[in-house]
Every structure is written in C-alpha cells, then in structure tokens.
Amino acid sequence: MTNVTGSRRNRKTVISPEEFNQMLKKTFEEQKRPNYPFYYGFRDRCILCIFRLTGKRVSEVARLEVSDVEIDDENLTITFTVSKKRKTQKLLLRRSKVIPLSNPLAKYIVEYVKWMRENFPEIKYLFPRTHFSPYYDTLSLDPDRHLTRQQILRIIQKYNPNAWCHLFRETVASDIIKKDESIFAPWKVRRRLDLERVETALRYLDRFARDVIKETEVKEKIE
C-alpha cells in the first residue's frame, strides 16, 4: 500500500475550493513540462475533477471505461460499477451520476473523454496504464489494463501531499451539508455516495463537516 504523506489524523478540514484550484493549476504546469507527455497533466485533471464532483471510491474511478461516459447537449453522465458485499457473494451494481455541462469542472472531463475517443478508440479503460520512454520520447497506453488504486493515490498526492482519494468523499459530503443543514442531509449523502447505511453518512458528517456546523459551547452546571 502506498504511504500517504502528511498526517490524515491531524487534518481537520475537507478540501477547500482554493486548495482544489491549486491542484488544478498544477495539472496545467505538469502539462507544459519540457520533454514530457502533455497527456499526464491532461489525464490527471480529469481524474481530479471526477473525484471532486462525484466523491466516488478510488476503485470505482479506476475501473471506469470510456463507454461509461455519455455526453449530450446539457449533461455529462458517468456510470460507475459499484461493488457491494453480501454474506455469500459480491454484487456489482451500476450507478450513474449526472453532471450539468454548465458546471465549470465538467469541461475538463469532456475534453479528455473526447480526446481519448478520437486518438485511442481501441482503448477500453478511461484511465489506462501507460509507459513513457524518455529515450525514444514515446508514450504507450495499455488497451486492456487500468490504473491501480496505488497509482491513482500517487497522482492525487503529486498535486497535494496532504490530500488522498477518500478525502474527496468527505468533501462531497460537506458540500451537501453546507446546502442542507436539515435532518435529511445524511440521506442525501448516502444517495450521492452510494452508501449502504445512513450511519456511514453520519460518520462522514461528524468527522469532516464540523467546519460547516456551528458548534455552541455548552456549560453544564454540576450540583
């Protein structure tokens, strides 16, 4: 397992808009590195945006196929394969997330998907494994294998050593509670993140939504 730099335990907040924008900015810098494929910054920006918009698990993002993305005049639809464990079997379910094209992050996903379809129509996975040879200045994409969880974690940490894949789930949960502080917020989190139990949504909110819940100090008088 790839070690996470920084301290998860000490982090008290989710990913702020300013922090995420800095991560995106670095992908453009990565794309302009001399003698280095522009593909990596291009791909990494798409990965970051999918995490930020959907809060999906790293394994679900890694398994995405190019055919799992649909683009129409108004929306971008991404269909994930979600694994649910049962006592005697594992269920693979399909769950779609619809993102309006008016969302400023959607364009980075659309640009990458269209580029992949035009330049590598034979590639199955949206984020295939790659090999870059500096000596020959060639980049090859594996048509049958996707990035591993560890590889995606390293991508996230390249742009922010104090972030990790699962932190995006808490960030999306925080987005929801900021918009709805009612009792229904945990159920909205459960639906958005495709969670089995609402108790899991409550744990997300308890840990990472404290920046949006105004806590009042209570002094109890003991007789």
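Every pair passing salt bridge (Lys or Arg N to Asp or Glu O under 4.0 Å) that includes a residue from residues 111-125 is listed here, sequence neighbours excluded: Glu65-Lys124.
Contact annotation: the side chain of Trp187 approaches that of Val198 to within less than 4.5 Å [non-hydrogen atoms, C-beta and beyond].
Under the side chain to side chain contact (heavy atoms under 4.5 Å, CB included) test applied with Leu167, the options Asn162, Ile15, Thr13 reduce to a single match, Ile15. When Leu147, Asp144, Val66, Leu141 are each tested for a side chain to side chain contact (heavy atoms under 4.5 Å, CB included) with Pro128, only one passes: Leu141. The one candidate from Ile99, Val98, Ile71, Val61 that meets the side chain to side chain contact (heavy atoms under 4.5 Å, CB included) condition with Ile78 is Ile99.
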**Q.** Intermediate values then yes/no, side chain to side chain contact (heavy atoms under 4.5 Å, CB included), Trp164 and Leu153
**A.** CA-CA 6 Å; Trp164 56 93; Leu153 174 59; 4.0 Å; yes
Q) What's the verdict on side chain to side chain contact (heavy atoms under 4.5 Å, CB included) for Arg45 and Gln31, showing C-alpha distance, side-chain angles and the deciding distance? A) CA-CA 10 Å; Arg45 190 158 53 251; Gln31 205 168 334; 2.6 Å; yes
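For the atom pair OG (Ser102) and NZ (Lys107), the distance works out to 12.5 Å, reported to the nearest 0.5 Å. Rounded to the nearest 0.5 Å, atoms CG (Leu101) and CG (Asp72) are 6.5 Å apart. Between the CG atom in Leu195 and the CG atom in Leu193 there is a gap of 5.0 Å [rounded to 0.5 Å]. Here the CG atom belonging to Asp44 is positioned 11.0 Å from the CG atom belonging to Leu24, to the nearest 0.5 angstrom. Distance CD1/Ile152 to CZ/Arg154: 10.5 Å, rounded to 0.5 Å. Note that NE2 of His146 is 10.0 Å distant from CD of Gln151, once rounded to the nearest 0.5 Å.
Between Pro100 and Ala106, the closest heavy-atom pair is O-CB, 3.7 Å. Residue Thr79 comes nearest to Leu64 through the heavy atom pair O-CD2, 3.5 Å, listed as atom of the first residue, atom of the second, then distance. Residues Ile123 and Pro143 come closest through the heavy atom pair CD1-CA, 3.5 Å. Nearest heavy-atom pair across Glu19 and Val14 is OE1-O, 4.0 Å. Taking each heavy atom of Thr171 and Arg52 in turn, the nearest pair found is CG2-CZ, 3.5 Å.
When hydrophobic clusters are built by joining Ile, Leu, Val, Met, Phe, Trp and Tyr residues whose side-chain heavy atoms come closer than 4.5 Å, directly or via intermediates, Tyr159 is grouped together with Phe168. When the side chains of ILVMFWY residues are joined at heavy-atom separations under 4.5 Å, either directly or via intervening members, Phe28 and Leu48 end up in a single hydrophobic cluster. When hydrophobic clusters are built by joining Ile, Leu, Val, Met, Phe, Trp and Tyr residues whose side-chain heavy atoms come closer than 4.5 Å, directly or via intermediates, Phe120 is not grouped with Tyr125. Cluster membership for Leu76 and Ile47, using ILVMFWY side-chain heavy atoms within less than 4.5 angstrom, is shared.
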Name each donor-acceptor pair under 3.5 Å that joins a side chain in residues 32-43 to protein atoms two or more places apart or in another chain, with its distance.
unit_1, atom_1, unit_2, atom_2, d
Arg33, NH1, Glu30, OE2, 3.4
Tyr39, OH, Tyr112, OH, 2.9
Tyr40, OH, Thr130, OG1, 2.8

Check residues 53-60 and write down every donor-acceptor pair under 3.5 Å in which the side-chain atom is one partner and the other belongs to a residue at least two apart or another chain.
unit_1, atom_1, unit_2, atom_2, d
Thr54, OG1, Ile50, O, 2.6
Thr54, OG1, Lys56, N, 3.3
Lys56, NZ, Glu60, OE1, 3.1
Lys56, NZ, Asp194, OD2, 2.5
Arg57, NH1, Glu60, OE2, 3.2
Glu60, OE1, Arg57, N, 3.4

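At most 12 non-hydrogen atoms from other residues, nucleotides or ligands lie less than 6.0 angstrom from CZ of Arg192.
In this structure, Arg190 has no side-chain hydrogen bond (donor to acceptor under 3.5 Å, both in side chains) partners at least two apart in sequence or on a different chain. Under the side-chain hydrogen bond (donor to acceptor under 3.5 Å, both in side chains) criterion, Asp142 pairs with Arg145, not counting sequence neighbours. Looking at residues two or more places apart in sequence or on another chain, you find a side-chain hydrogen bond (donor to acceptor under 3.5 Å, both in side chains) between Thr81 and Arg94.
Panel note: side chain Asn103, backbone Leu105; a donor-acceptor pair is recorded below 3.5 Å.
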